[in-house]
J.: 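Would you mind keeping the following structure in view while I ask a few things?
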Amino acid sequence: MKLTTITNVSVDGVMQGLGGADEDPRSGFERGGWALPLFDKEAEAFLGQVYQRADAFLFGRRTYEIFAGSWGTGSWGTDQGDNPISAALNTRPKYVVSSTLTDPQWADTTILSGDVAAAVRELKAKPAGELQVHGSGALIRWLFDNQLVDEIILLVYPVVVGQGTRLFPEAGRDAALDLIDSRTTPKGVTILVYRPTGRPQYATATPTPST
């Protein structure tokens with residue numbers, strides 16, 4: 001099973017609080033809701049297609065609770081008719097990495113604790129399909145560090161947020177990426193699909209300036 005991460009980020013790499021003003025105010029974050037004004041029908045259609053091809057979802061606890069409170073057990077999440085995102089999330093298995101969550105209310109949820117790496121590798125060992133990780137920044141960074149990510153999808157919004165949690169830390173594991181696909185929506189959201197290909201190459205000598 002291919003593990004794919006899907007992340008909405010600003011040009012400066014912020015992924016915190018994209019959906020609403022009060023979605024994630026941790027650490028004094030005051031600029032929530034930066035993505036929605038730029039989320040056009042083409043970006044919506046692309047994400048709908050991505051969700052529909054998922055065979056299962058993997059979440060960190062915070063993102064799981066945000067999704068459960070909106071798309072899942074929230075007042076509007078399960079009543080979206082043929083909305084492709086709602087249909088996928090409410091009909092396919094969900095796995096949440098947590099050592100504290102004990103009684104998830106969203107149907108078809110399995111908690112992963114203990115040896116999470118082994119549990120994820122067991123999911124990836126299934127013969128076919130796609131395991132998707134939406135949001136879940138800390139989990140994505142951990143999966144990336146443990147070389148468990150097969151594909152990275154970034155939706156880059158044309159805005160500099162200037163504060164908030166970023167997808168990748170200032171110091172961390174490096175990786176070379178192959179660009180598989182790219183497109184830009186009418187409101188300027190750049191959709192990038194990458195595949196990790198090992199360590200990047202670095203220049204070994206300083207180029208000589210031309211005269």
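Values below: every heavy atom of this structure, side chains too, minus hydrogens, waters and symmetry copies.
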J.: Please round to the nearest 0.5 Å and tell me the distance separating atom OG1 of T185 and atom CG of D40.
T.: 3.5 Å

J.: Using salt bridge (Lys or Arg N to Asp or Glu O under 4.0 Å), reason through D108 and R92 one step at a time and then give a plain yes or no.
T.: CA-CA 7 Å; D108 210 1; R92 291 163 202 178; over 6 Å; no

J.: State plainly whether the residues D150 and R195 are in salt-bridge range, i.e. N to O under 4.0 Å.
T.: no

J.: Test of understanding: clusters of I, L, V, M, F, W, Y form through side-chain heavy atoms closer than 4.5 Å, transitively. Do V50 and M1 belong to the same one?
T.: no

J.: Say whether N83 and W71, considering side chains only, have a donor N or O and an acceptor N or O under 3.5 Å apart.
T.: no

J.: Is it the case that atom CZ in R61 sees more than 12 heavy atoms from other parts of the structure closer than 6.0 Å?
T.: yes

J.: Does K2 reach the main-chain N or O of V149 with its side chain, forming a donor-acceptor pair under 3.5 Å?
T.: no

J.: Return each pair, listed once, that meets side-chain hydrogen bond (donor to acceptor under 3.5 Å, both in side chains) where at least one residue sits in residues 155-167; pairs must be two or more places apart or across chains.
T.: N8-Y157, D12-R166, Q16-T165

J.: With the 4.5 Å side-chain cut-off for hydrophobic clustering, are L47 and L167 part of the same group?
T.: no

J.: Could you walk me through whether R183 and F46 pass the side-chain contact (heavy atoms from CB on, under 4.5 Å) check?
T.: CA-CA 10 Å; R183 66 189 80 172; F46 172 80; 3.6 Å; yes

J.: Can T4 and Q132 be counted as having a side-chain donor-acceptor contact under 3.5 angstrom?
T.: no

J.: When rounded to the nearest 0.5 angstrom, what is the spacing between CD1 in I140 and CE in M15?
T.: 5.0 Å

J.: Search all heavy atoms of A175 against all heavy atoms of R173 and return the closest pair with its distance.
T.: CB-NH1, 3.8 Å

J.: With salt bridge (Lys or Arg N to Asp or Glu O under 4.0 Å) as the criterion, how do E170 and R141 come out once you've worked through the C-alpha distance, each side chain's angles and the decisive distance to 0.1 Å?
T.: CA-CA 12 Å; E170 291 185 6; R141 289 186 285 274; over 6 Å; no

J.: Ring centroids only, cut at 6.0 angstrom: are F67 and F57 within range, meaning strictly under it?
T.: no

J.: Please report the closest heavy-atom contact between R31 and V161, naming both atoms and the distance.
T.: NH1-O, 2.7 Å

J.: Out of curiosity, R62 CZ to S98 OG, how far, rounded to the nearest 0.5 Å?
T.: 12.0 Å

J.: Hey, could you give me the CG/CD1 distance between L154 and I191, rounded to the nearest 0.5 Å?
T.: 11.0 Å

J.: Show me the pairs that pass ring pair (Phe, Tyr, Trp, His ring centres under 6.0 Å) and involve residues 168-206, at least two apart or across chains.
T.: F144-F168

J.: Specify the closest pair of heavy atoms between S99 and S113, including all atoms of both residues, with the distance to one decimal.
T.: CA-CB, 4.5 Å

J.: Check the pair K126, D55 against salt bridge (Lys or Arg N to Asp or Glu O under 4.0 Å), reporting the backbone distance first and the verdict last.
T.: CA-CA 11 Å; K126 292 187 176 184; D55 294 274; over 6 Å; no

J.: Hey, is CG on D22 packed in by over 12 heavy atoms from elsewhere, all under 6.0 Å?
T.: no

J.: Would V11 and L18 show up in the same hydrophobic cluster when neighbours are defined by side-chain heavy atoms closer than 4.5 Å?
T.: no

J.: What heavy-atom pair brings P158 and G188 nearest, and what distance separates the two atoms?
T.: CD-O, 3.4 Å

J.: I'd like to know whether V193 forms a side-chain contact (heavy atoms from CB on, under 4.5 Å) with E151, so could you lay out the CA-CA distance, the side-chain angles of the two residues, the decisive distance to 0.1 Å, and finally the verdict.
T.: CA-CA 7 Å; V193 183; E151 190 168 280; 3.7 Å; yes

J.: Are L123 and W142 connected in the hydrophobic side-chain network, where two residues link if heavy atoms are under 4.5 Å apart?
T.: yes

J.: Measure the spacing between CD1 of I85 and CD of E44 and express it to the nearest 0.5 Å.
T.: 6.5 Å

J.: Verify the ring-centre separation between Y95 and F59: is it less than 6.0 angstrom?
T.: no

J.: Can you find a pair of side-chain heavy atoms, one from L192 and one from I153, that are under 4.5 Å apart?
T.: no

J.: If you define the side chain from C-beta out and look only at heavy atoms, does anything of P93 sit under 4.5 Å from T110?
T.: no

J.: What are the two closest heavy atoms between L3 and T5, and how far apart are they?
T.: CD2-CG2, 4.0 Å

J.: When you look at I6 and L155, which way does the side-chain contact (heavy atoms from CB on, under 4.5 Å) test go after all the steps?
T.: CA-CA 8 Å; I6 301 95; L155 285 82; 4.2 Å; yes

J.: Following the transitive rule for hydrophobic clusters with a side-chain heavy-atom cut-off under 4.5 Å over Ile, Leu, Val, Met, Phe, Trp and Tyr, establish whether I152 and L131 coincide in one cluster.
T.: yes

J.: Tell me, which pairs form a ring pair (Phe, Tyr, Trp, His ring centres under 6.0 Å) where one or both residues lie in residues 3-33, sequence neighbours left out?
T.: none

J.: Start with the C-alpha distance between S136 and Y64, add both sets of side-chain angles, then the distance that settles side chain to side chain donor-acceptor pair (under 3.5 Å), and finish with yes or no.
T.: CA-CA 8 Å; S136 308; Y64 173 82; over 6 Å; no

J.: How close do E42 and P186 get, counting heavy atoms only, and between which atoms?
T.: OE1-CD, 3.2 Å

J.: So W106 and L89, side-chain contact (heavy atoms from CB on, under 4.5 Å) or not? Walk me through it.
T.: CA-CA 10 Å; W106 200 358; L89 287 169; 3.8 Å; yes

J.: I need the L112 CG to L58 CG distance, nearest 0.5 Å.
T.: 6.5 Å

